[in-house]
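Okay, so here's the structure we're looking at.
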Amino acid sequence: MTTSPNGKSLGLGACTAIVVGNMVGSGFYLSPAAVAPYGNLAIIVWILMGAGAICLGLTFARLASLVPAVGGPYAYTKIAYGDFAGFLIAWGYWISIWTSLPVIAIAFTGVMIDLFPALGNRFTATVLTLGVIWAIVLVNLRGVHAAGLFAQVTTYAKLIPFGAVAIIGLLFIDTSNFSDFNPSGQPLLQSFATLAPLTMFAYLGLESATVPAGDVENAERTIPRSTVIGISIAAALYVLGTVVVMGLVPREQLIHSVAPFSQAAGIMWGRPGELVISIAVLVSSIGALNGWTLLMGQVPMAAARDGLFPPLFARLSKRGVPAWGMIISAAFATILVLVQALGSDGFAAVYRLMVGLSTMAAVVPYAFCALAGTLVAGATRGRMPKVSAIELIAFVFAIFTLYGSGAEPVLYGLVLLMLGIPVYVWQRRNASEATDKGTASGAVTHPAVSG
């Protein structure tokens, strides 16, 4: 990948890789075990959620074609609904990113421990988790070009083994494993709502190409194309991969599996197959960490440039990246990892809560952006078209996923969103004081100039 003559360093390949890399992460290769209690219904939900994700992707593609602005969901919300809504979305989206980093990093550590059991103590696991987070931060501090190249290498490398399992595995499935439609015992609607956030966590990142818009070559064409292509690739991989794993591994075993894709590969190809998939999971985790680290600097940077986040987040390093934004975000992720390490009894509960928080915090921006196209068009093109059916579907999809996230993640997510209000007030106050000082200075110097 080379930098274009106009200085833009992300082309179609890099943007598609960022979308696929961010989506195909820990939520993908751990999901078959999470959805196994719901039988064949899980496959249907994967397909329906994929359709909803594509509708959301199309709305983001439309928004990107209208305004290829840095910050993605934040930028569109600010244009459509105003500064305060834009701030809340930037704040919530930023939270969703740094809360997802420990989830991905812990999945990386789990595979490393599976490959090397001697690493299986709390101290070593914590060091591995923090080490991979900060190693990827260092890669991103080298610049957007390096991050984009890294995204392409890791994404396309992991698609080969995962694609092999998802496609070749269709020849090995045992159809008797698909005998139960919804063995969970829950009513259909409740089961659907429970599955929604579990599957949606895997679809998070569908808007990734819209965030670093300032570094995208021919953004008005590249961002929509890479978004639709990336979501389509990920959705196909999710559906086929889930079908294969559920068709190979009996449900009773799958429910308790910590490495469902590796287990499925082992059934097909023995121990060598398990090792290949384990390595692919490591590459997948690193790629997802890389993509999210790129975004967690871009979103607060865009808000800081508009005076809604502290100015520190807008500072660029010599390599042109928002280094302080990445470092501060990674520090918060580090705190979450350390909190987990201090209490083994609540480890699983904290893990699930982080997944719920990350999903909830990301779905709120999706809901805002689903219907933003009409308002953005009015603000930028002078006319307000009707809301399309695709946008309505995307909105309903986001709201239903939010409902399915459950009371606890929504409650904690709301608290975290409200904690952003003092930051907004502080920034507004500082901006107002700066304006007043500028006005007063002009009032004093004006007579001297005119005299």
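Every value quoted in this text rests on a predicted model; they were computed, and no experiment measured them. Computed from heavy atoms alone, side chains included, the values below leave out hydrogens, waters and symmetry copies.
- For Y366 and F397, the distance between ring centers is not under 6.0 angstrom.
- Using a 4.5 Å heavy-atom cutoff, the side chains of L308 and Y74 are in contact.
- Counting only distance, with no hydrogens or angles, the side chain of T16 and the backbone of G13 share no donor-acceptor pair below 3.5 Å.
- In this structure, F87 and Y424 have tilted ring planes: the angle between them lies in the 30° to 60° band.
- No option in V364, V299, L88 other than V299 meets the side chain to side chain contact (heavy atoms under 4.5 Å, CB included) test with Y93.
- Across I393 and C55, no two heavy atoms sit closer than the pair CG2-SG, 3.8 Å.
- Distance CD1/I104 to OG1/T293: 8.0 Å, rounded to 0.5 Å.
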Item to check | Criterion side chain to side chain contact (heavy atoms under 4.5 Å, CB included) on W46 and V35, from CA distance to verdict | outcome: CA-CA 10 Å; W46 270 118; V35 302; 4.1 Å; yes
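- Between Y81 and L371 there is a side-chain heavy-atom pair separated by less than 4.5 Å.
- When all heavy atoms are compared, the tightest approach of L204 to T359 is CD1-CA, 3.8 Å.
- In this structure a side-chain-to-backbone donor-acceptor pair under 3.5 Å is missing from T124 to N121.
- S31 is not listed as a side-chain neighbour of F201, based on a closest heavy-atom distance of 4.5 Å or more.
- Residues V228 and S232 form a side-chain contact, since some pair of their non-hydrogen atoms from C-beta on lies under 4.5 Å apart.
- With rounding to the nearest 0.5 angstrom, the CZ atom of R319 is 4.5 Å from the CZ atom of R142.
- Judged by distance alone, the side chain of Q427 and the main-chain N or O of F309 form a donor-acceptor pair under 3.5 Å.
- What you find for P322 and L316 is that their closest heavy atoms are N-CD2, 3.7 Å.
- Ring to ring, Y238 and Y203 are close: their centroids are under 6.0 angstrom apart.
- Looking at heavy atoms from C-beta onward, F368 lies out of side-chain contact with P73 at the 4.5 angstrom threshold.
- Not one N or O on the side chain of W91 forms a donor-acceptor pair closer than 3.5 Å with the backbone of V423.
- Taking CZ from F332 and CG from L101, the interatomic distance works out to 12.5 Å, rounded to the nearest 0.5 Å.
- At least one side-chain heavy atom of F192 sits less than 4.5 Å from a side-chain heavy atom of V45.
- Taking 4.5 Å as the limit, every side-chain heavy atom of L240 sits out of range of all side-chain heavy atoms of F162.
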Item to check | T334/W134 under side-chain hydrogen bond (donor to acceptor under 3.5 Å, both in side chains): CA gap, chis, key distance, verdict | outcome: CA-CA 9 Å; T334 298; W134 285 100; 3.0 Å; yes
Item to check | Derivation and outcome, side chain to side chain contact (heavy atoms under 4.5 Å, CB included), residues W98 and L336 | outcome: CA-CA 9 Å; W98 58 258; L336 285 182; 3.7 Å; yes
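- Minimum interatomic distance between V245 and A264 (heavy atoms only, all atoms of both residues): CG2-CB, 4.1 Å.
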Checklist entry - Taking it one step at a time, do L419 and L416 satisfy side chain to side chain contact (heavy atoms under 4.5 Å, CB included)? => result CA-CA 5 Å; L419 287 175; L416 287 175; 4.2 Å; yes
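- The CG atom of L195 sits 11.0 Å away from the OG1 atom of T401 when rounded to the nearest 0.5 Å.
- Judged purely by atom type and a 3.5 angstrom limit, T222 has no side-chain atom pairing as donor or acceptor with the backbone of A219.
- Atom CG in L248 sits 5.5 Å away from atom CE in M268 (nearest 0.5 Å).
- The shortest non-hydrogen separation linking A370 to T59 is O-CG2, 4.1 Å.
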Item to check | L289 and V132: CA distance, side-chain angles, deciding distance, side chain to side chain contact (heavy atoms under 4.5 Å, CB included) verdict | outcome: CA-CA 8 Å; L289 278 173; V132 72; 3.8 Å; yes
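- Heavy-atom minimum distance, I277 versus P161: CD1-O, 3.8 Å.
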Checklist entry - Run the side-chain hydrogen bond (donor to acceptor under 3.5 Å, both in side chains) check on S329 and W94 step by step: do they pass? => result CA-CA 8 Å; S329 304; W94 177 55; 2.6 Å; yes
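- Under the 4.5 Å side-chain criterion, counting only non-hydrogen atoms from C-beta, W269 is not in contact with V276.
- Between the OG1 atom of T374 and the CD atom of E391 there is a distance of 5.0 Å, given to the nearest 0.5 Å.
- Using modelled atom types, one finds a donor on one side chain and an acceptor on the other under 3.5 Å when comparing T109 with T129.
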